[in-house]
Amino acid sequence: MKSALIVGLGSIGSGLKTAFLKNGYKTLTVDPYQKKADFVMPFEAIDDETLNCLLEDCTTVCYSAEIGNRDDYIRNPTLGTENAERYTHFVKKISEINPAIHVNYIGGSWTRYGISDESLNVKDDSVLKPDPNAYEQAKTIACALCSDLSEKYNICCTFWDYISVVPNYSPNFTIYKMVSESERVGEITVSKGDYGRPLLHSDDAGEAVVKYVDKVCNDGASNLLKPFRVVIMPGSFTKFEIFLMSWRGLMDTCEAAVKEIYKVGGETKFKMCALDLDGTLLGSDHQLSAATIEKVRELSAKGVIIALATGRSGPAVYDHLEALGLGVDVPAVIYNGGVIMNFKAGTRAVDAKPMLVKSVPSAVAKSCIEVAGENGWLLQYYTHETIYANPKGDEHRDLMRRYVELTGASHTIVTDNYQGIAAEQEAIKILIMCDEAIVDEVMKVVKENIKGCTLIRGGFFIEVLRPGVCKGNSLVNLCEQFGIAKLEQTIAFGDGDNDVEFLELAGCGVAMKNAREGTKKVADMVTEFDNAEDGVAKFLAKLQQEGKFDI
């Protein structure tokens, strides 16, 4: 599977992640300030063993971790030097581990002083500020640095200029204003009012980067992969047609890739429907309703691939598979992506074997056991078929009882603080459990003390998974395994924090009416009815009536 490492998860980095995942890449992200990053730390803080593991089979690396905006550069003239030192260390380290990796330096938006073509300028009558060249100079230095490092360390590097063609920036203009006032026109995002020019959103820019990477790295076009090159991207105020004409001599051609973004194709229909269980497909009683079973069976019988995606263990989904009784193979993401199963038609669910297993690193599991023990929290240690617990007191037993009521799972009790099972089998996931009143406080402590893992907040627990493991990445795996050519041909339903990437990556992400607000925010649609009102079944019926499925 193709993989990309993204260093810096701001707006550009998030757009890159979305684009890479939608195009079949596995992604890992690094950012010391973004909670959603796989590694919430500076790139420099990743130990050599972990870094070797990350880069061994990596196709491309995107560096969008530059510190500081235009005003920061003006206030601090040494900031460019500081960033140059960080990036030099970054490239040197990569070249030592895997010099075949293609490095993309994402330069952010520049301003250009003295452009004569008035059609490229912002229509703004306010007085322009004096030329603040510190930022532009820093960008120019960064571009030259990429060229020098590419030659010095014999590594392929592309510098991306997300350009804002403004002769100088005006006092009453902000990027926030431009973006907040934008609207979608066909396949192009256009800002309103006097700023009415095509705007290359971070997701769209990410698509261009992915198409470029595919072209130079994955299509056998080795003659295109030069040691160093610059790609000029259409930016905040450039008309797309003018960009192609005016900048043709400067860009080292991503023209075809960028054009691809603006093509308007026919409507994509859904071939796969991926469904979360608790809070989504299951009712408030944690069971499947008759209406839900009927609608899911109907779509399955018409050829739609039905997939399950849950944080539950395998045994905790067996009964629901039996209740659905689809009579066809049912792929399932369990443990939030720690395991992918294919439950074969005509066989017992209990006999299914994992297609893919992604275990928690043993060092992370050890840290979890230590931190939970020191703080008096209950820990659940999951292997493929078994959940181990070492309860100490009534509070722990109450938490276990609540979990059994939620999932129907059972526990195997240990009394040696997990030492025996940890020595025999790696955990697929770990839950650190506590009262919901302190779960945010527990999450803070866990983040500070347990590194190199994915963390998901639950109602009364913190879930610990292998880095990069999530339902979203697993949806990419399912598409590969079941012949779904594009993620746009998938629709996904969910309600919780663990469904965010899942809904973001699906062709259509649907949040339940009862979903957490953060989950609704990333979804394309929200159901009219909640899980207790057969919200999924009713929404599927509506989509089917509208002809949205490939049946």
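In this text, all values refer to a predicted model and were calculated from it rather than measured experimentally. Position 1 is the first residue of the sequence; numbering continues from there.
- For CG of Asp394, the number of neighbouring non-hydrogen atoms (other residues, nucleotides, ligands) closer than 6.0 Å is 12 at most.
- At least one test fails for Lys548 against the ring of Phe270: distance under 6.0 Å to the centre or angle within 45° of the axis.
- Looking at Leu475, Val476, Leu478, Ile305 one by one, the single match for side-chain contact (heavy atoms from CB on, under 4.5 Å) with Ile484 turns out to be Ile305.
- Residue pairs meeting the salt bridge (charged side-chain N to carboxylate O under 4.0 Å, His left out) criterion with at least one partner in residues 344-358, sequence neighbours excluded, are Asp329-Lys344, Arg348-Asp351.
- When atom types are taken as modelled, the side chain of Arg312 and the backbone of Thr407 share a donor-acceptor pair closer than 3.5 angstrom.
- Remark: the backbone N or O of Asp48 is paired with a side-chain donor or acceptor of Asn52 at under 3.5 angstrom.
- Separation of the Tyr388 and Tyr418 ring centroids does not fall under the 6.0 Å cut-off.
- In the displayed structure, Glu395 atom CD is contacted under 6.0 Å by at most 12 heavy atoms of other residues, nucleotides or ligands.
- Of the possible donor and acceptor atoms, none in the side chain of Glu405 sits under 3.5 Å from a partner among the backbone N and O of Tyr403.
- Formation of a donor-acceptor pair under 3.5 Å by the Thr527 side chain with backbone atoms of Asp530 is not found in this model.
- The environment of Lys520 atom NZ is dense: over 12 non-hydrogen atoms of other residues, nucleotides or ligands sit within 6.0 angstrom.
- Geometrically, Lys429 engages Tyr382 in a cation-pi contact defined by less than 6.0 Å to the ring centre and at most 45° from the axis.
- Checked options Val333, Val469, Ile334; the residue passing with Val339 is Ile334 (criterion: side-chain contact (heavy atoms from CB on, under 4.5 Å)).
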*Evaluate side chain to side chain donor-acceptor pair (under 3.5 Å) for Tyr63 paired with Arg86, printing each intermediate quantity in order.*
CA-CA 11 Å; Tyr63 184 90; Arg86 293 184 72 239; 3.2 Å; yes
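- The closest donor-acceptor contact from the side chain of Thr490 to the backbone of Leu487 lies under 3.5 Å.
- Side chains of Asn336 and Glu463: a donor on one and an acceptor on the other come within 3.5 Å.
- Counted by atom type alone, Thr60 and Asn104 present one or more donor-acceptor pairs between their side chains at under 3.5 Å.
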